[in-house]
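Heads up, the thing below is written out as structure tokens.
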Amino acid sequence: MFPGGGGMNDRKMQQMMKQMGIDMQDLDAEEVIIRTPDEELVFTDADVQRMDAQGQQTYTIVGEPDSRALGEGGSDESVIEESEGDSGAAEIPDDDVELVATRAGASEDEAREALEETNGDLAAAIERLE
């Protein structure tokens, strides 16, 4: 990429990047979670760097992720609770209804119905409505 860059040391590389207006910073991240429509990729103890260049921030994550299905674990996941006196039917949280409606471009009533049909499975409800 740079002429003669094969033998370039770290200090020289940092100096060149600074001249080009590129700033790199290591972040002390404990956990990084990437949510896709189908799964979550969870990086624990990953090396994370932030690069600022031309007004844009780019993050680099180095590590081995654990893959888990949406809704498995996590501290901020929605929980479907059993409603009393509703013959055992699960109550769908309003946040889930809004999320499905927004992602699928459907009404909240359609989203709630799809969530009920899929037993609260967000990904399946979105797929059903698309």
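Note that the structure is a prediction, hence the values are computed from the model and not measured.
- Distance check: T36 OG1 to E39 CD gives 4.5 Å after rounding to the nearest 0.5 Å.
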Using the side chain to side chain contact (heavy atoms under 4.5 Å, CB included) rule, take L27 and Y59 through it: C-alpha gap first, then chi angles, then the decisive distance, then the call. CA-CA 10 Å; L27 299 178; Y59 293 85; 3.7 Å; yes
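- A 6.0 Å sphere centred on CD of Q57 holds more than 12 heavy atoms belonging to other residues, nucleotides or ligands.
- The structure places OG1 of T58 at 4.5 Å from CE of M51, a figure rounded to the nearest 0.5 Å.
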Counting only pairs under 3.5 Å, give me each side-chain donor-acceptor contact of residues 123-130, with atom names and distances, residues two or more places apart or in other chains.
from: R128; atom 1: NH1; to: E117; atom 2: OE1; distance (Å): 2.5

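- Other members of a hydrophobic cluster containing V62 are absent, since no ILVMFWY side chain comes under 4.5 Å of it, directly or through relayed contacts.
- I61 and I33 are assigned to two separate hydrophobic clusters, defined by single-linkage of ILVMFWY side chains at heavy-atom distances under 4.5 Å.
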Using a 3.5 Å cut-off and no angle test, enumerate the donor-acceptor pairs between side-chain atoms of residues 106-115 and protein atoms at least two apart in sequence or in another chain.
from: S107; atom 1: OG; to: E110; atom 2: N; distance (Å): 3.1
from: S107; atom 1: OG; to: E110; atom 2: OE1; distance (Å): 3.3
from: E110; atom 1: OE1; to: S107; atom 2: N; distance (Å): 2.9
from: R112; atom 1: NH1; to: I92; atom 2: O; distance (Å): 3.4
from: R112; atom 1: NH2; to: D94; atom 2: OD1; distance (Å): 3.0

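- Counted within 6.0 Å of CD on Q25, heavy atoms from surrounding residues, nucleotides or ligands total more than 12; the atom is thus considered enclosed.
- Residue F43 comes nearest to G63 through the heavy atom pair CE2-O, 3.5 Å, listed as atom of the first residue, atom of the second, then distance.
- Screening residues 11-27 for salt bridge (Lys or Arg N to Asp or Glu O under 4.0 Å) gives no qualifying pairs among residues at least two apart or on separate chains.
- By the side chain to side chain donor-acceptor pair (under 3.5 Å) test, Q15 is found to be paired with no residue, residues two or more places apart in sequence or in another chain being considered.
- With a 4.5 Å cut-off on side-chain heavy atoms, L41 and S67 count as touching.
- The CD atom of Q56 sits 12.5 Å away from atom CD1 of I22, with the distance rounded to the nearest 0.5 Å.
- Under the salt bridge (Lys or Arg N to Asp or Glu O under 4.0 Å) criterion, the residue pairs touching residues 46-60 are R50-D52, with sequence neighbours excluded.
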